[in-house]
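Below, chain A is the first sequence line, B the second, and so on; all start at residue 1.
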There are 2 protein chains.
Amino acid sequence: MNASRTARDRARAELTQEIKNEARRQLAVDGALKLSLRSVARELGMVSSALYRYFASRDELLTALIIDAYDAVGERAEKAAEEGAPRERWRRACHAVRAWARAHPHEYALIYGSPIPGYAAPQDTVASAARVPMVLIRILRETNPSPAFEGPPLTEGLAGQLRALGEQVTPDGERIAPDLPPQTLNRGMVVWTQLFGMLSFELFGQFVGSVDPADEFFDHTVEQLADFLGLPPAR
Amino acid sequence: MNASRTARDRARAELTQEIKNEARRQLAVDGALKLSLRSVARELGMVSSALYRYFASRDELLTALIIDAYDAVGERAEKAAEEGAPRERWRRACHAVRAWARAHPHEYALIYGSPIPGYAAPQDTVASAARVPMVLIRILRETNPSPAFEGPPLTEGLAGQLRALGEQVTPDGERIAPDLPPQTLNRGMVVWTQLFGMLSFELFGQFVGSVDPADEFFDHTVEQLADFLGLPPAR
DNA sequence: CCACGTCAAGAGCAGTGCTCTCGGAATCGT
DNA sequence: ACGATTCCGAGAGCACTGCTCTTGACGTGG
C-alpha cells in the first residue's frame, strides 16, 4: 500500500530535488532576480506548467531555496563548532560561515540580503534560520565568559527582551538559554550582527577601496569579538 | 543661445526628476523587484518607450535611485553630526541613519541589501556611498579617543590596508584621514559594519522573536560602540 | 523660413508568471 | 484484475515585462 505510494512519492521527491538543484544552479549564475521558472523547466526538459505541480509559485520555489540555504550554512556552522575550546569553536564557526557565504554568494544574498518577493513566509524559515545563532548560544552556554570590558548597563526593557529570548522554547521543547544572563545574550546579539554585517559588506561590495580583500580584517575582528564575548584566550 | 537651450534642458531635468519621484513612490510600495518602467510611464501619462529618452534601461533608473538614496542618507547623517561633543554627534548620526532607513526601507534595501541587477556600476556610486562613513571619520579626527579595551594587535597586512585607506584622496583632492592611526581606522570599520549590520537585521526581519522592536538594543549598542571607539563620555 | 535635433507615440519582439483544459498514465479500492 | 480515482505532463492562452525601431509632430537655432 505504501511501497507503491512511496514509489510515486519518491519520483516526486526526486524531481522536486532536481528542480531545486537546477534553480540553485541558475541562481549561482544569474542571481535571484533572473531566476525564471520557465528556464529551469526548459533546462529540465519539461514544460513550464508542469513545474507548478511541484511549486505553487516562483515565490514558493524561492522560499524552498531560502530554507535550504539556511540549513546549509547552519549545518556548516554546527559541524565547525563541534569540538574544541570555546574560542576555537567560535573561530571555526565564523570561518565556516564566511567560507559558505563566499562560495554561494547568491544564496547568501537570498537569505541575508533584502527580502526578495513580497516577503517569504517567515514561520517555515525561522527554525532553519536559527541554527547559526544557536551555535553561538551553545558556545556561550558552555563557557564562563569574562568580557574584555563592561559597557553601559542594560536598560530595563532590553534586559526583559533578552530574558524572554532566553526563555523561548525551541520546536523540540527545550528552552533556548534560561541560564544565560541578559548581558551575555546581549553580547551574543552584538557579535551575531557584527559577523553578518561584515559578511554582507564584503559580499555586497561595501568594502571595495577599504579593507578589500577582507580576510585579515575578518580574522582580526573575529578575534576582537572573542575578546568582547570574554571567551578564554586560546593556547 | 543658452537661454533656450537651458529651457529645453530645464524641461528635461524636471521630467527626469518626476520619473525618479514616481519610481521612488512605486519602490516604496512594491519594492525594487516590482518596479516597472511601463508602470511609471503609465502613471506619468506617457508611453513606455518615451521613458527611454531619459534612462537607457531599467538598471540605469535603479542606479540613479541608488545614488539618490546614498545621498539622502548621507545628508541626513551629515546634518545630524554637524555639532556637539563627539559622542553626541555619533549618537545623532546613528539615529539619523536609522530613522531614514526605517522611513525608506525599500531604498535602504536598494543600497545595503543584495546588489539588485548585474551589479550597478560602482564608480558613480562610491562618492555618495562614502558620505556616511566620512561622517564617522570626521568625528574620529576631531577627538582624542581612549578606547575601552585594547583588542588584539593589528596584523601587518591589515595595518597596511588601513594606512592606505587613510591616504586615499577624495574627489576634492583631500586625503581621507592621514592623521588617524590604523587602530582607530580599524575601530571605525568595526562600528561602521556593526551599525549597518544592526539596521539590516532589523529591517530584513532577522530580529523578529529576539530584540524586536529593536529600539533599546540599538540605543544600547550605539552607546557601547561609543565606548569601544573611546569617545569621551557625555556630560 | 526652413532644416535640424529632440521628443512622444505606436507597433512589435522575446521573454515572464500563472491558469486552465485536456488526454494519458499510474495508483488504489474492491 | 478491473474500474475509479488520483496524479501528471503537455499545450494554448492571458496579461505583463524590458527593450527596439520606425513614424510623425513640434520647437528651436542658423
If you check the B/V47 side chain, which of C/dG10, C/dC7, C/dC18 turns out closest? C/dG10
Between the side chains of B/E202 and B/R98, is the shortest nitrogen-to-carboxylate-oxygen separation below 4.0 Å, so that they form an ion pair? yes
Pairing of B/R76 and B/D71 as salt bridge, 4.0 angstrom limit: no
Looking only at the aromatic ring of each residue, does the gap between the centers of A/F228 and B/F228 stay below 6.0 angstrom?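 No, they do not, as the ring centres are separated by 6.0 Å or more.
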Report the distance from atom [atom1] of [X] to atom [atom2] of [N], rounded to the nearest whole Å.
{"X": "A/I19", "N": "C/dG17", "atom1": "CD1", "atom2": "C1'", "result": "15 Å"}
{"X": "B/R42", "N": "D/dA15", "atom1": "CZ", "atom2": "C1'", "result": "11 Å"}
{"X": "B/L33", "N": "C/dG17", "atom1": "CG", "atom2": "P", "result": "11 Å"}
{"X": "B/L51", "N": "D/dT17", "atom1": "CG", "atom2": "P", "result": "13 Å"}
{"X": "B/R12", "N": "C/dG5", "atom1": "CZ", "atom2": "P", "result": "16 Å"}
{"X": "B/K34", "N": "C/dT16", "atom1": "NZ", "atom2": "P", "result": "17 Å"}
{"X": "A/M46", "N": "C/dC18", "atom1": "CE", "atom2": "P", "result": "16 Å"}
{"X": "B/L37", "N": "D/dG18", "atom1": "CG", "atom2": "P", "result": "5 Å"}

5' precedence on DNA chain D between A/A50 and A/R38 (nearest-nucleotide basis):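 Upstream on the strand: A/A50.
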Do B/D30 and B/L35 touch side chain to side chain, with heavy atoms closer than 4.5 Å?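 The answer is no, as the side chains (C-beta and beyond) never meet within the 4.5 Å cut-off.
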Side chains of A/T193 and B/Q194: any donor to acceptor distance under 3.5 Å? yes
Counting only side-chain N and O atoms of A/Y52, is one of them less than 4.0 Å from OP1 or OP2 of C/dC20?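 False: A/Y52 side-chain N/O out of range (4.0 Å or more) of C/dC20 OP1/OP2.
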Side-chain N or O of A/S36 closer than 4.0 Å to phosphate OP1/OP2 of C/dT16: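 For C/dT16, OP1/OP2 do have a side-chain N/O of A/S36 under 4.0 Å.
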Within the structure shown, what part of the strands sits under 4.0 Å from [X] by heavy-atom distance: base, sugar-phosphate, or nothing?
{"X": "B/L15", "result": "sugar-phosphate"}
{"X": "A/S57", "result": "sugar-phosphate"}
{"X": "A/F55", "result": "nothing"}

Taking the nucleotide of DNA chain C with the closest heavy atom to each, which residue, A/R53 or A/L35, is nearer the 5' end? A/L35
Donor/acceptor link under 3.5 angstrom from A/S49 side chain onto base of D/dG9: no
